[in-house]
Each structure stands twice: as C-alpha cells, then as structure tokens.
Amino acid sequence: MPSGNDLPWHALDVSVVVEQLKTDISVGLSSNEALSRLASVGKNQLPVGQKASFFLRLRKQLVQPLILVLLAAAIVTGALGAWADSSVIFGVVILNSLLGLFQEQKAASALAALSRVLVTEVTVLREGRPNRLSAEVLVPGDIVLLNSGDKTPADLRLVSITELQISEAALTGESLPVFKNLDVLKTEVLLPERTNMAYAGTLVTKGQATGIVVATGPLTQTGQISDLLTGVTKLSTPLTLKLERFSRCLLIVILMIALLSFFIGVLRGESWVDMFMASVALAVGAIPEGLPAVISITLAIGVSRMAKQRAIIRNLAAVETLGSVTVICSDKTGTLTENRMTIQQLWVNGLNYEVSGSGYSKSGQIQHAGDIATIQQNLRELIVAGVLCNDAALEHADDAWSVVGDPTEAALLVLAHKAKIDVDTLRQTFPRKAALPFDAERKAMATLHDVEGAHVVYVKGAWEVLIKRCAMQLDERGEVIALDEQATKVAQLMAKKGLRVLALARSEVIDNQSLHDRHISGSLVLLGLVGMIDPPRKHVGASIQACRDAGIVVKMITGDHPATARAIALQLGLADDDAQVVSGHDLVNMSEDQVKAVVVASHIFARITPSQKLDIVRALQSHGEIVAMTGDGVNDAPALRQAEIGVAMGLSGTEVAKEASDMVLTDDNFATIETAIRQGRNIFDNLVKFIAWTIPTNAGEGLVILTAVLFGSLLPITPLQILWINMTTAILLGSTLAFEPGEHSVMHRPPRNPKASILNRFLLQQTLLVSILMLIAAFGLFEWAWQSGRSLEEARTLAANAFVMIEIGYLFSARSLNHTLRIKHLFANRWLWTGCCLMVAMQLGFTYCSVLNHTFSTAPLRMLDWVAIVGAALISLLIVKLMKWRHFRANVTMQ
Ligand code: ATP
C-alpha cells in the first residue's frame with residue numbers, strides 16, 4: 001500500500017486516493033485493519049533529529065572561558081615541570097566538563113519528558129463511529145475529522161471542508177493562514193500551494209474538515225525536514241543569560257587582578273613561578289564557574305516537580321517569570337468552575353420548568369409547579385432543537401456517564417434522556433444537512449435539518465445575542481406570535497442566580513445545502529430558554545485568597561453573561577457585592593485611556609471576545625503589570641502570546657492555544673496556576689539561595705589569595721586545593737539547595753520585580769560578611785599552624801578544611817532567605833543532610849588518605865585542629881545568624 005511521497009496525493013481524485021489506501025470515507029478503517037497497518041508502518045511519531053555528538057557537546061563544555069584559563073594554566077604548569085599539578089588540573093578540567101555534560105543532559109531530558117506528557121488527541125472515524133484517539137495510532141487510510149483549533153496529526157488529503165483555514169507557518173514559514181479547497185491539482189504544484197492537503201504539524205485556525213491520512217510519522221512532509229526537530233532543548237533563560245554575562249565580566253576583572261598581582265609579586269622579587277601559581281589560584285578561586293549549570297539543573301528539577309502538580313512548562317523562562325506575576329486573568333468556565341453543566345431550569349412559552357438530578361446522571365425529572373411535567377409539543381421542540389444542534393455524545397463507562405465534546409451540549413442530551421426522548425433515534429431521523437459551528441465571537445451555533453418537508457434551522461446560543469435576533473415566539477398551541485419582554489426578564493433572573501443561560505430558536509430556509517450567518521441573523525422564532533448550573537471548583541476560593549495574600553490580583557475574563565459572571569465571582573470571593581462588571585459591549589465604546597483605567601479598577605469582565613482579551617492584556621501591561629492569561633480557543637492565541645505567561649487548558653484547550661502558551665494545565669484548574677506560581681517562587685528562591693551561598697566561597701578564596709600576594713606571605717591554599725573545594729562543595733552541598741521545599745512565607749510577599757538585582761542589599765552585605773569571615777578563618781588558622789612550626793601541608797589542610805566547614809555552616813543559614821531557620825524545618829531537606837555527610841567524608845579522605853595527600857599536597861590533622869576548624873565554622877555561623885536576626889527584627893519593628 002502506498003504512503004508518504006509514493007504518490008502525488010494532491011494530483012489524485014479522492015476516489016483514487018480511497019482506492020489506493022483501501023479505505024472508506026463514511027466508515028473509516030476497521031480496528032483490526034488499523035492495528036495491522038500500525039504494526040507495519042509504525043507509530044505516527046516524528047523522528048527525533050540527530051543529537052549533537054558526544055565530542056561536539058564536550059567541546060562546547062571545554063571552550064568556556066574559565067576552562068580555557070585552566071587549560072592554559074595546566075599547560076604552563078606542565079612546561080614549568082610541575083607535572084603532578086599539571087595533570088591534576090587537566091583531570092579536574094575533564095571531570096568538570098563531563099559533569100557539566102551530564103547535568104545539561106539531565107536537564108534536557110527532564111524537559112523533553114514534559115513534551116511527551118502532552119499527548120495530542122484526534123477524532124478518527126473507525127468502524128463507522130468517531131473516536132477520540134491519540135494521534136500516535138493513526139495509520140494511512142484513517143479518516144480524520146479536523147476542527148478549528150486542532151493540530152493536523154498527519155498528512156491528509158482533504159475530502160470535505162467547511163470554511164477551512166490552516167496556518168502552515170511551522171512547515172512553510174508563511175505566517176498568514178491558507179484557505180483550503182478540494183480542487184484536484186497538477187502534480188508539479190509546490191507544497192505551499194497544495195490547497196487540497198493538510199500537513200502534519202500545521203494548525204487549523206478556522207473551520208472543519210475531513211481528510212484521509214496519506215502519510216504518518218517520518219514519512220510526513222514535516223518528518224522529511226530533518227532539522228525541524230534537532231532534539232536540542234533550549235536551556236537558557238533570562239537569568240542564566242544574565243549570569244553568563246556576569247561571569248564573563250567577572251572573568252575579565254579577575255584575570256586583570258590576577259595579572260596585576262602577578263606583576264606586583266614579581267616586582268617585589270618573588271619567584272615568577274610562585275606568582276604564576278598564585279595568579280592561577282586567584283582566578284580559579286574567584287570565578288563562580290559552576291553557576292550556569294546549577295541554575296539549569298535547578299530549573300529542570302523545578303519544572304519536573306511542577307509537572308507532577310499538573311502544570312506543564314513549555315518555556316523554561318516562564319518558571320522565572322511566574323514569581324513576578326502581578327495579575328492573573330482567568331476564564332470562568334472550566335477554570336474557576338467545574339464545567340459540569342446540569343440544566344436546572346427551563347422556560348418555554350411562558351411556562352417555567354424545574355429539572356431535578358445532578359451531573360450527567362440520567363436520573364432526574366422535568367417538573368412543573370411541583371409535579372412531573374407532561375412533555376407538550378413546545379417543550380418537546382425545545383429539547384429536540386437542543387439534541388440536533390449539538391455535537392456532543394454521552395458515553396457509559398465504569399457505571400458513570402462521561403462526556404465526549406462540549407459539556408454545555410452534553411447537558412442538553414441529559415435533558416433529552418430525562419424527557420425520555422431517544423437521542424440516537426432523533427439524530428438518525430433528522431440528519432444534519434449543514435452546520436455553523438459554535439464560535440466564541442458568534443456565541444451561537446446552528447444546524448440545518450429536513451423536518452416534515454421543511455428545511456429547518458435550529459439555533460442555540462448566548463441568550464441576549466439570540467433573543468435580539470428573534471422576532472417571534474410560540475404560544476401554548478404552538479402558533480407563532482410576536483415576541484414579548486418576558487423571555488428577557490426570565491433569562492436575567494436565571495443569570496442572576498449564577499446559571500448559564502442559553503436560548504434556543506428556529507427558522508426555516510429555502511436552500512438545504514449550506515448555512516451562513518445571514519440565516520441566523522434575524523426573524524428567528526424563540527423556542528425557549530435553558531438555565532444550567534456549573535458549580536465553582538472546590539479549593540478555587542482558597543487559591544484566589546492565597547493569590548491575594550501574595551500580592552496577585554485575580555480577574556475573571558469570561559465569555560458568559562455579566563449577571564452569571566457576577567454571581568459566580570461572588571460565590572468564589574473574587575469580588576464583593578458592589579463590584580462593577582465590565583462587559584465586552586462596554587469596552588467597545590470606551591477610549592483607550594478609559595480601557596486602561598477600567599482594567600485596573602474592575603475584576604469581572606463578561607461577554608468578552610477573544611480579541612478583547614488581547615486588549616485587556618495590553619492595557620494591563622501598560623501599567624507595568626506582569627500578566628498571566630488563560631485561554632483555550634484558537635482566537636485566544638494572540639492574547640496567550642502577548643501575556644507574560646500564557647496559560648492553556650490541557651483538557652478542553654485547542655492545540656492552537658497550547659502551542660501559543662508558556663504553561664499548560666493538565667487539569668484546567670485555576671488552583672493549579674496558584675500552585676505553579678508558588679513553585680515558581682520557590683524555584684527562584686532556591687536559585688537565589690544557591691547564588692548567595694556560592695559567591696562568598698569564591699570571594700573568600702579570591703580574598704585569601706589576594707591578601708597573601710599583597711602581604712607577600714605564603715599562599716594559605718593552593719590552586720589544586722581550591723579546585724577540589726569548589727568542585728566537591730558545588731556538587732555535594734550547593735546543588736542540594738535545589739531540593740529545598742520552599743518557605744512558608746513564599747506566598748505572603750509581593751511578586752518579585754523582574755528588574756531587581758538577584759541579590760538584594762541585605763544578601764550582598766551578608767555575602768561580604770561571609771567572605772570576610774572565610775578570609776579571617778582560613779588565614780588565621782593557616783598562620784596559627786605555620787607560626788607554631790607545623791608543616792606547610794598541615795597549615796594548608798587546616799585552611800582548606802576551614803573553608804569547607806564554614807560553607808557547611810553557611811549552607812544551613814542560606815536555606816532561608818527571609819527569616820532564620822526554624823528547628824522544625826531543619827530536617828525538611830534530606831538531600832542536604834546526605835550531601836553534608838558525604839562532604840565530611842570527602843574532607844576526611846582529603847586529610848587522611850595518602851593518595852589524596854600526595855595529589856593535593858595535604859597532611860593529616862590532629863584532634864585540636866578539628867576543634868579549631870569546627871569552632872571557626874560555628875563562630876562564623878553565629879555571627880551570620882546574629883546579623884540576620886538583627887536585620888529581620890529591625891524589619892518587623894519598622895512594619
Ligand atoms: P469562559 O470564557 O469563562 O470559558 P464561556 O464558556 O461562557 O466562558 P464562551 O465559550 O465564549 O465562554 O461562550 C460564550 C457564550 O456562548 C456562553 O455563555 C453560552 O451562552 C454560549 N455558548 C457556549 N457554548 C455554546 C455552544 N456549544 N453552543 C451554543 N452556544 C454556546
């Protein structure tokens with residue numbers, strides 16, 4: 001069977017395509033046939049491109065500025081005859097690069113794993129029924145139904161289309177959507193002009209279509225472009241870039257200081273070999289080489305954690321931005337509410353009905369004035385219209401009914417069951433001739449059917465939109481009479497209770513082939529109203545409050561009616577009784593300045609169209625706000641891209657919205673946004689903690705060497721010992737900060753200003769203090785041992801251990817940025833304790849293991865030395881604690 005590029009599919013008639021691929025447009029493939037084709041062609045997955053080779057990646061690690069400095073040092077040391085030193089420096093360079101490689105790989109695979117969590121589902125016709133299946137199981141010959149917002153799952157030859165437009169930017173680079181048609185084309189027509197085809201990876205921006213799968217996976221046009229997916233995940237974020245720039249500047253400054261100290265020493269008459277080693281030590285010690293790698297790994301760990309909490313980050317930079325969000329603009333339906341619609345009230349030609357039952361359970365009754373209602377003709381037609389103008393289905397699995405399609409439409413099917421009307425029979429008796437799909441701008445949907453010799457259009461949609469288009473209604477006998485005010489009053493009452501209100505109407509047309517907006521633009525006959533309840537999600541109220549405590553304003557931006565929106569906002573505590581609701585209609589009539597003012601003052605925006613969402617985001621951004629905006633439809637994509645954090649819905653969202661987003665919620669729940677912000681803040685805190693912890697070590701080491709050079713004394717610590725300290729402590733101590741669980745105060749402080757420096761004034765002061773404490777301790781202990789006649793090796797081992805012990809002590813202090821650590825949180829991070837224990841073991845090896853003694857020029861210490869080292873570390877920790885305590889006490893007093 002041919003597939004892929006075997007045949008010029010665009011140049012073949014549909015009947016030939018069907019014949020070639022042995023399929024049937026109205027039935028699709030059988031499950032068995034699909035399975036056997038899957039076994040022979042393989043899964044519909046794009047090939048992951050060639051990863052950069054091991055050596056290429058190693059080279060990338062080696063050409064970093066610090067590594068180059070180290071390599072130069074190793075070569076010069078070797079040339080000077082210090083072979084042992086030279087080979088250790090070489091060894092460390094290689095080890096460091098391998099480690100960097102490993103960390104980068106780990107971070108990249110953590111991110112790659114996330115992309116696999118988001119499976120694309122498609123509607124496929126198999127055995128005559130539409131099924132929602134994972135796009136991976138598609139095979140040539142499958143019949144796929146595309147809808148606005150879908151991502152084309154494979155290469156398709158189009159069979160039928162309704163207003164179809166596809167964005168092919170991913171494939172051809174063309175930014176404007178392409179209008180599709182069904183004309184058979186010449187063989188030589190080029191890819192961008194093949195208008196009767198839909199290619200894998202392109203996005204349906206408008207309309208609907210049916211297509212035959214002609215190629216899957218690597219055989220698709222996208223699969224053929226091998227460099228589209230290189231398998232490389234982007235790991236840089238604004239913070240890592242900032243730090244890389246900072247490291248580069250620091251490198252230049254430090255190299256200059258190192259050079260200067262070299263000349264000062266040589267001019268003073270010191271041996272230039274010693275001075276060279278001192279300069280290398282200064283450079284190695286003072287440059288924070290591990291920073292960017294640890295930042296990437298911390299971000300990657302954080303992102304994996306967020307995925308477990310149902311927030312999938314699509315853009316690593318979003319993790320940092322999350323902590324700065326000042327406003328969340330949230331949809332209502334499905335995000336703040338459950339999107340489990342249950343019809344509770346009906347209004348049909350002047351009569352009110354109550355409907356019992358909950359959720360999608362079919363048990364319940366339609367009642368009138370307390371009694372079971374008779375399903376009279378008008379009520380029946382309302383229900384029939386709701387079933388026919390409807391794309392949803394109810395499926396029975398595990399003793400419960402679940403929805404395939406839109407919950408609003410599913411509620412209408414449940415209503416039919418409660419009225420004992422059989423949905424399948426109805427749909428078979430009055431098949432659909434044409435349709436106008438629901439659209440958030442149109443706020444209505446219509447379908448055309450042949451009913452008793454007439455071409456009847458059934459319409460359902462937002463009540464005030466539809467009532468405006470109705471000129472008539474039905475009386476008790478089913479006669480058409482002029483529309484009165486009652487429907488509007490009833491709808492307003494229902495909406496005020498928080499019900500979602502839909503109007504249903506009908507009209508008749510002459511042509512039974514197609515439907516256009518003009519067919520539903522006036523003189524409709526109102527059939528009645530349905531009011532459905534959509535309960536607020538559990539825990540959302542608490543999440544809104546948590547956001548408020550964290551200085552984040554939550555706004556509801558909904559397509560629903562203002563009265564419904566207001567009622568739900570009140571139930572959720574999102575607004576108070578006298579809250580102002582701004583409608584899409586109000587916004588249209590406002591000047592740009594008025595819009596800017598109202599977006600700040602109001603928290604509820606109703607009957608908002610997707611294009612107005614974009615205006616709202618821009619207006620908020622003009623005030624300097626950092627906006628997170630949710631969305632699910634195709635037209636939400638511009639607003640999602642414009643917002644600093646575009647949040648798409650994983651369950652109900654379209655592929656177009658997901659592609660435009662920075663974060664996808666796999667449970668569509670507002671509470672997950674709050675969790676993600678909390679996590680984002682934690683991750684950023686952990687990065688700051690690592691930076692605040694690591695800089696003093698580098699500064700301390702640099703200061704020790706500089707002081708020794710300036711005072712012409714012996715180096716208290718050698719370049720190799722510095723390399724040892726930096727490498728072991730960064731891995732065993734520093735990286736454990738990535739596992740810090742987060743401080744309880746994280747959602748009790750305002751959002752982080754993205755322009756603020758990473759280390760605030762207090763942290764800078766603390767960094768300076770710790771650096772000086774390290775200088776004093778290391779120098780003091782070195783001099784004490786040296787002056788009391790101990791060997792140089794012993795004195796240096798003492799200094800090196802002092803550095804490490806102070807780092808361990810300071811690690812505990814760095815665990816909390818905003819207060820002093822509480823005893824109950826002392827054991828919250830077991831990685832940190834494991835790291836500390838391993839670090840102590842490493843230092844014992846460094847001090848007592850003869851191989852390491854030999855390699856690093858160290859010597860065993862006495863008991864009293866350890867007392868002095870631990871004493872120095874404890875005193876340092878005490879001083880830092882005192883400084884912190886004073887700072888926070890002063891802050892509390894000021895508040
Ligand atoms: P949100 O923007 O918070 O998700 P929403 O679901 O009400 O709210 P839209 O999907 O834009 O927003 O719907 C707007 C209105 O259109 C709804 O309030 C409802 O009256 C009507 N509507 C929703 N779904 C359908 C549908 N399937 N068919 C006809 N009308 C619908």
Side-chain angles (χ1 to χ4, degrees), residues 147-149 328-341 343 385-393 403-413 435-447 458-469 491 494-495 498-505 520 527 529-534 536-537 540 554-569 572 574 581 583-585 604-613 616 629-636 639-640 647-649 651-654 657 665 668-670:
N147 244 315
S148 160
I328 304 175
C329 296
S330 174
D331 278 346
K332 171 181 72 70
T333 314
T335 315
L336 298 172
T337 63
E338 287 191 7
N339 206 5
R340 256 178 91 78
M341 307 281 171
I343 295 177
V387 170
L388 295 179
C389 183
N390 193 317
D391 288 322
V403 174
V404 181
D406 182 351
T408 300
E409 298 188 344
L412 288 162
L413 300 184
L436 265 183
F438 173 72
D439 173 314
E441 301 276 347
R442 188 187 284 135
K443 292 191 169 39
M445 167 181 178
T447 52
Y458 283 123
V459 196
K460 74 176 192 312
W463 63 269
E464 79 285 19
V465 175
L466 226 59
I467 287 181
K468 264 191 223 133
R469 297 178 186 188
M494 285 188 190
L499 296 182
R500 180 188 185 83
V501 187
L502 246 59
L504 289 108
I520 59 163
L527 297 174
L529 301 168
V530 295
M532 43 187 94
I533 186 169
D534 178 18
R537 277 181 183 271
V540 161
V554 180
K555 295 185 191 278
M556 177 195 279
I557 317 277
T558 178
D560 215 333
H561 188 268
T564 312
R566 191 170 198 281
I568 299 286
L572 288 168
L574 193 146
V581 182
S583 75
H585 184 69
I604 313 171
F605 296 81
R607 287 294 190 232
I608 296 296
T609 60
S611 56
Q612 288 177 323
K613 280 189 174 179
I616 293 174
M629 165 67 90
T630 67
D632 48 15
V634 186
N635 304 338
D636 289 337
L640 292 179
V647 185
M649 300 300 140
L651 297 176
S652 63
T654 57
L665 309 179
D668 293 10
N669 190 344
F670 176 86

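As the structure lists them, so they are numbered: ligands from 1, and atoms in each ligand from 1.
By heavy-atom distance, the residue among Lys443, Met556, Arg500 lying nearest atom 17 (C) of ligand 1 is Arg500. The closest heavy-atom contact to atom 11 (O) of ligand 1, among the options Gly405, Ala440, Gly386, comes from Ala440.
In this structure, the protein non-hydrogen atom closest to atom 4 (O) of ligand 1 is Thr333 CB, 3.5 Å. Nearest to atom 29 (C) of ligand 1 among the protein's heavy atoms is Lys460 O, 3.4 Å. In this structure, atom 2 (O) of ligand 1 lies nearest to the protein heavy atom Gly559 N, 2.8 Å. Shortest contact from atom 13 (O) of ligand 1 to any protein heavy atom: Phe438 CZ, 3.6 Å.
Not a single N or O atom of Trp463, backbone or side chain, sits closer than 3.5 Å to an N or O atom of ligand 1. Distances between N or O atoms of Thr558 and those of ligand 1 include at least one value under 3.5 Å.
Residue Leu502 has at least one heavy-atom neighbour below 4.0 Å for each of these atoms of ligand 1: 19 (C), 20 (O). Shown in contact with Val501 at under 4.0 Å from a heavy atom are these atoms of ligand 1, numbered in order with element: 20 (O). Under a 4.0 Å criterion applied to the non-hydrogen atoms of Ala462, ligand 1 contributes the atoms 20 (O), 21 (C). Atoms of ligand 1 found under 4.0 Å from any heavy atom of Gly461, numbered from 1 in the order shown, are 29 (C), 30 (N). Close approach of ligand 1 to Lys332 (heavy-atom distance below 4.0 Å) involves ligand atoms 1 (P), 3 (O).
Residue-ligand proximity: Thr337 is placed with every non-hydrogen atom at 4.0 Å or more from ligand 1. Under the 4.0 angstrom criterion for non-hydrogen atoms, Arg607 is in contact with ligand 1.
A donor-acceptor pair is defined here as one N or O able to donate and one able to accept, closer than 3.5 Å; no such pair exists between the side chain of Ser583 and the backbone of Arg607. Under the 3.5 Å distance criterion, the side-chain polar atoms of Arg442 are matched with a main-chain donor or acceptor of Pro437. Put simply, the side chain of Thr447 never gets that close to the backbone of Ala435: no donor and acceptor are under 3.5 Å apart.
The existence of a salt bridge linking Arg537 and Asp668 is excluded, since no basic side-chain nitrogen approaches an acidic carboxylate oxygen closer than 4.0 Å. Ion pairing between Asp560 and Lys332 holds under the 4.0 Å rule for side-chain N and carboxylate O.
Between the CE atom in Met556 and the OG1 atom in Thr335 there is a gap of 10.0 Å [rounded to 0.5 Å]. In this structure, Asp406 CG and Met341 CE are separated by 7.5 Å, a value rounded to the nearest 0.5 Å. Put simply, CE on Met649 and CG on Leu665 are 5.0 Å apart, with the number rounded to the nearest 0.5 Å. How far CG of Leu466 is from NZ of Lys468: 10.5 Å, rounded to the nearest 0.5 Å.
At a 4.0 Å heavy-atom cut-off, ligand 1 touches Asp406 through the side chain alone.
Minimum heavy-atom separation, Ala446 to Ile520: CB-CG2, 3.7 Å.
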